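This one's a predicted model, so the numbers in the text were calculated from it and none came from an experiment. In the text below, chain A, chain B and the rest are named by the order of the sequence lines, each starting its count at 1.
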Protein chains: 2
Amino acid sequence: MDRSEILLSFLKDYRDHYLPSVSLDLVIFGFHEGQMKVLLIRFKGSQDWLLPGGRVRKDEDLNEAAYRSLRERTGLEKLFLQQFQTFGKVDRLTHFSWEETLTKMGLKEPLESLGVDIASFWSRDISVGYYALVEYTKVNPTPDIMSDECQWWDIDQVPQLLFDHNDMIRLALKTLRRQLSYQPIGYNLLPEEFTMSELQSLYETILGRKLDRRNFYKQIMNYDVLERLEKRPTIPASKAPYLYRFKKERYEQLLNEEDLSVG
Amino acid sequence: MDRSEILLSFLKDYRDHYLPSVSLDLVIFGFHEGQMKVLLIRFKGSQDWLLPGGRVRKDEDLNEAAYRSLRERTGLEKLFLQQFQTFGKVDRLTHFSWEETLTKMGLKEPLESLGVDIASFWSRDISVGYYALVEYTKVNPTPDIMSDECQWWDIDQVPQLLFDHNDMIRLALKTLRRQLSYQPIGYNLLPEEFTMSELQSLYETILGRKLDRRNFYKQIMNYDVLERLEKRPTIPASKAPYLYRFKKERYEQLLNEEDLSVG
DNA sequence: ATTATGTGCGTACATTAGACGCACAAACGT
DNA sequence: ACGTTTGTGCGTCTAATGTACGCACATAAT
């Protein structure tokens, strides 16, 4: 099969098994050495970057589709994933023409010669925005069929993206920061056992500002979501920091009481 | 035209001019004598109640579709309307069969005799949830083509609704209450000029609990969103309460700085 | 006149966020 | 060996905020 045949069968699969008019976009946040990253893909045959996304199978829950798409891009599952807004402006896709794109990719004529009515394969989409928090080092960025590259970008160096994707990142970050004030974060971002500094550094990275070490300590312990473990040094003392671990039940209780999403 | 022909042309219009797979549902809150109400419709030919909804025209912004649907049900426009969650479980519509419903309404056979493939007109939907705040007395509840009745229900006497609509109301109320803590509410719910008691009563109704009159006074004045007007009695005094009015610019500034939705 | 009621405004206390001081132990340099 | 530096745990202080409640005053009813 040549490229246009592969694309054709891909498009047919979409038409037959996925919901029309609905897509989803993922703002995948990663953390590495105090830097907040976001995973972007480069559109096939172009220099334009955008957020990875996905579509919903006809027999699949919306949230499940988001988890699946996340898995396909990162190789990870069971991660923190949260819907934050649905985008539906008619002109969301300004400056983008499906037809023009296929032409640039040299696929328009081959497809037409296969008897494809290109317009019928693409309509305007409503897109559900999700954001995810993942452990940077564990991710295996994987491009999808419509992209050439998939890689991390520093959050403050994200270029002009296609569509309304810059807006999406802004709103996702804003939602995440607000959420941080009433929910614990970190379960899937840190190793099983971690030091207080590591947790604080994560919070500082997300919030984009320094926190007072001592106040952070007080507040997080007040949440009653951490348990302190014993550590190697003979004396209870210091320099080798204590390790902490999340209390799983309490952690999930806090998540649930603030979030009764039903998907 | 008989009923089935009307319905048929309605369905055809939907197929041709509206996005498939996407719908929206409205949780419309009203307030009357300290009671919080929600607007429900009764499904045609059945005793089942549900939330009013709508669909999105192919050339229409998602938010615009929500405003239009709200207008169609209430006769009002330019109201407070906010997206709160998108629902997409596959089994959202359990216990509901489009075909069975048409049968009950005596419309299945007439439609089929008109050459309609019923299944092709209906598929599973992703639904975007919005909530709205409206002035109870100004509303003119209007059923849509699929419902027999449209009327207010006390919020604590809402019956078991079709689909996941009880969940939607719960989540909408929760979102509204949270929003109340960082945004002013009331512009379209109260008359142009109102007393402090009226505003407080509105807040108490939404929050479902009594507030201290003096503390409420302090906090709301701190927001710097109200201006006090002069009133009739000769002496500046009391018994005839002062009237207040929202400072429009400040009010909208507060709304905008907390909400950068892009639709 | 006296009492009850509604209204505007003030005070007092508890809780919280934020800034910062200090003690102690390990690691490092001389 | 010894002082210095660094990281860590824990305490104190202050400002801001939410909440409870006291009080003065004017009208309306008795």
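To the nearest 0.5 Å, the span separating CD1 on A:Ile155 from CD on A:Gln35 amounts to 8.5 Å.
When rounded to the nearest whole Å, the span between CG of B:Asn215 and P of D:dC21 equals 10 Å. Atom OH in B:Tyr217 sits about 17 Å away from atom C1' in D:dG22, given to the nearest Å. Between A:Phe216 atom CZ and D:dG7 atom P the separation is 17 Å, expressed in whole Å. Summarising the geometry, the separation between CE on B:Met221 and P on C:dG10 is reported as 12 Å, rounded to the nearest angstrom.
In this structure, of C:dG8, D:dG9, D:dC21, it is D:dG9 that holds the atom nearest to the side chain of A:Arg213. The side chain of A:Arg214 lies closest to D:dG11, out of D:dT8, C:dG8, D:dG11. Closest contact between the side chain of B:Asp212 and the listed nucleotides D:dT12, D:dC21, D:dT19 involves D:dC21. Here D:dG9 is the nucleotide among C:dT7, D:dG9, D:dT19 with the atom lying nearest to any side-chain atom of A:Met196.
The aromatic rings of B:Phe246 and B:Phe194 lie tilted to each other, with the angle between the two planes from 30° to 60°.
Between A:Lys218 and A:Tyr244, the residue anchored nearer the 5' end of DNA chain D, judged by the nucleotide with its closest heavy atom, is A:Tyr244.
A donor-acceptor contact shorter than 3.5 Å links the side chain of B:Glu204 to the backbone of B:Leu211.
Exactly one residue among A:Phe29, A:Tyr136, A:Phe31 makes a side-chain contact (heavy atoms from CB on, under 4.5 Å) with A:Lys37. That residue is A:Tyr136.
Counting any heavy atom pair closer than 4.0 Å across all strands shown, A:Ser197 reaches sugar-phosphate atoms only and no base atom.
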